[in-house]
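Just passing along the structure, written as structure tokens.
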Number of protein chains: 2
Amino acid sequence: MGLIKSEIFTDEQNELALFAKAFGHPARVAILQHLFKINSCVCGDLVHEIGLAQPTISQHLKELKNLGLIKGNIEGTSVCYCIDSKNWSGMKETMFEFLNQDTAKENCC
Amino acid sequence: MGLIKSEIFTDEQNELALFAKAFGHPARVAILQHLFKINSCVCGDLVHEIGLAQPTISQHLKELKNLGLIKGNIEGTSVCYCIDSKNWSGMKETMFEFLNQDTAKENCC
DNA sequence: TTTGTATATTGCAATATTACGATTAATAAT
DNA sequence: ATTATTAATCGTAATATTGCAATATACAAA
């Protein structure tokens with residue numbers, strides 16, 4: 001199959017999984033870290049910085065963009081990609097809620 | 001290819017991606033939420049709770065166990081799975097550092 | 001208009017993931 | 001000993017992901 005049965009899970013579970021999946025590849029982690037580091041970016045830099053072929057980087061950027069975590073502004077012949085702060089904050093909220101489930105719990109084993 | 005080029009990324013980037021990938025499937029999200037909720041669990045409950053076949057749940061549990069996020073104690077004929085609090089905290093630290101990169105940054109676009 | 005530069009898209013091969021039926025292993029109950 | 005119960009493993013089909021070469025697109029510069 002290879003097909004996730006999304007219909008049996010809640011919207012929250014599916015949303016969180018989609019966000020997490022975005023971070024589930026080291027290239028996308030590296031892209032986001034680089035975008036934060038220089039606070040503005042063109043794709044060309046990323047190809048050089050990360051060491052994957054241009055189509056591959058472009059594909060990863062597209063995924064992050066579709067999720068809303070980054071946005072791209074065309075500037076002449078190149079594209080300025082950067083973090084979408086508002087959406088990043090929203091995503092963080094979702095992740096924090098999930099990650100902090102352990103507070104106020106005792107261990108059983 | 002379908003093969004991640006881990007060797008071109010840092011250990012931190014690869015580790016974070018592995019943790020994130022664990023949350024990148026709604027079934028594993030649901031499993032972890034359920035484990036937190038009842039604070040102790042046997043696999044059978046999860047099969048009933050989540051609605052996937054027993055081998056599928058077992059496989060997801062194995063992945064979470066391999067990552068160290070949960071541990072399983074055999075109790076008679078069933079297995080008691082629960083969160084590994086220590087490792088969960090460590091994972092949280094890693095994720096928080098990544099998610100909080102945006103603090104102390106100004107927007108560019 | 002041609003040439004160069006930067007990014008996106010297409011097509012494809014290789015590998016990974018998801019899901020489950022069938023089976024196995026291990027213990028509990030009778 | 002036999003049977004029932006629970007969970008792991010095996011095998012396999014279907015789908016997804018990763019990565020890149022080739023190509024297309026879009027704009028700038030000459």
Side-chain angles (χ1 to χ4, degrees), chain A residues 1-9 13-14 17-31 34-35 40-67 70-82 109, chain B residues 1-9 13-14 17-31 34-35 40-67 70-82 109:
Chain A
M1 314 202 153
L3 175 60
I4 294 173
K5 293 179 134 186
S6 306
E7 69 278 6
I8 69 173
F9 302 104
Q13 288 164 340
N14 283 315
L18 285 181
F19 281 137
K21 200 150 67 165
F23 307 141
H25 192 295
R28 290 189 291 268
V29 171
I31 286 171
H34 193 66
L35 286 180
S40 171
C41 195
V42 290
C43 183
D45 283 1
L46 286 169
V47 171
H48 182 263
E49 177 79 20
I50 294 181
L52 290 171
Q54 179 266 323
T56 308
I57 298 293
S58 188
Q59 195 176 282
H60 284 306
L61 286 168
K62 191 181 176 184
E63 284 178 62
L64 293 171
K65 199 177 169 189
N66 286 344
L67 255 183
I70 65 175
K71 47 187 174 178
N73 297 72
I74 296 168
E75 281 188 10
T77 170
S78 69
V79 179
C80 167
Y81 276 108
C82 55
C109 24
Chain B
M1 314 206 148
L3 176 59
I4 293 173
K5 293 181 133 186
S6 306
E7 68 278 7
I8 68 172
F9 302 104
Q13 288 164 341
N14 284 314
L18 285 180
F19 281 137
K21 202 151 67 165
F23 307 139
H25 193 293
R28 291 189 291 267
V29 170
I31 286 171
H34 193 66
L35 285 179
S40 170
C41 197
V42 290
C43 182
D45 284 0
L46 286 168
V47 172
H48 182 262
E49 178 78 20
I50 294 182
L52 289 170
Q54 179 266 322
T56 307
I57 298 293
S58 188
Q59 195 175 282
H60 285 306
L61 286 168
K62 192 180 176 185
E63 285 178 60
L64 293 172
K65 199 177 169 188
N66 286 344
L67 255 182
I70 64 174
K71 48 187 174 179
N73 298 70
I74 296 168
E75 281 188 10
T77 169
S78 68
V79 178
C80 165
Y81 277 108
C82 54
C109 23

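Below, chains carry the letters A, B, ... as their sequence lines are ordered, and counting in each starts from 1.
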Please determine whether a side-chain nitrogen or oxygen atom of A/K62 lies at a distance below 4.0 Å from atom OP1 or OP2 of C/dT7.
no
To the nearest angstrom, how far is A/I57 atom CD1 from D/dC20 atom P?
9 Å
With side chains defined as the heavy atoms from C-beta onward, is the minimum distance between A/E63 and A/H60 less than 4.5 Å?
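The answer is yes; the side chains approach within 4.5 Å.
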Respond yes when some side-chain nitrogen or oxygen of B/H60 is under 4.0 Å from OP1 or OP2 of C/dT17, and no when none is.
no
A/L61 CG - D/dG19 P separation (whole Å)
13 Å
With heavy atoms under 4.0 Å as the rule, sort B/V42 into base, sugar-phosphate or nothing.
sugar-phosphate
Separation of D/dT9 P from B/K65 NZ (nearest whole Å)
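One finds 8 Å between P of D/dT9 and NZ of B/K65, rounded.
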Between the base of C/dA8 and the side chain of A/Q54, is there any donor-acceptor pair under 3.5 Å?
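Indeed there is one.
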Which nucleotide in D/dA22, C/dA6, C/dT18 has an atom nearest any side-chain atom of A/P55:
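From the listed options, D/dA22 comes nearest.
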Is there a side-chain contact between B/T77 and the phosphate of C/dA26, meaning an N or O under 4.0 Å from OP1 or OP2?
no
If only side-chain N and O atoms of B/H25 are considered, is one of them under 4.0 Å from the OP1 or OP2 phosphate oxygen of C/dA19?
yes
Choosing from C/dC20, D/dT18, D/dA8, which nucleotide comes nearest the side chain of B/T56?
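In terms of side-chain proximity for B/T56, the closest of C/dC20, D/dT18, D/dA8 is C/dC20.
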Can you tell which of C/dA19, C/dT9, D/dC20 lies closest to the side chain of A/S58?
C/dT9
Please determine whether a side-chain nitrogen or oxygen atom of A/Y81 lies at a distance below 4.0 Å from atom OP1 or OP2 of C/dA6.
no
If you check every side-chain atom of B/M1, which of D/dT18, D/dA8, C/dC20 has the closest atom?
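Shortest atom-to-atom distance from the side chain points to D/dT18.
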Identify the two heavy atoms, one from B/Q54 and one from B/V47, that lie closest to each other, and give their separation to 0.1 Å.
CA-CG2, 3.7 Å
Looking for any heavy atom pair under 4.0 Å, which part of the strands does A/I74 touch: base, sugar-phosphate only, or nothing?
nothing
Closest-nucleotide 5' rank along DNA chain D - winner of B/F9 and A/L3:
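Its nearest nucleotide being more 5', the pick is A/L3.
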Expressed in angstrom and rounded to an integer, what is the separation of A/E63 atom CD from D/dT17 atom P?
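Between P of D/dT17 and CD of A/E63: 7 Å.
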Do the side-chain N or O atoms of B/K21 get closer than 4.0 angstrom to the phosphate oxygens (OP1, OP2) of C/dT17?
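The answer is yes; a side-chain N or O of B/K21 sits under 4.0 Å from OP1 or OP2.
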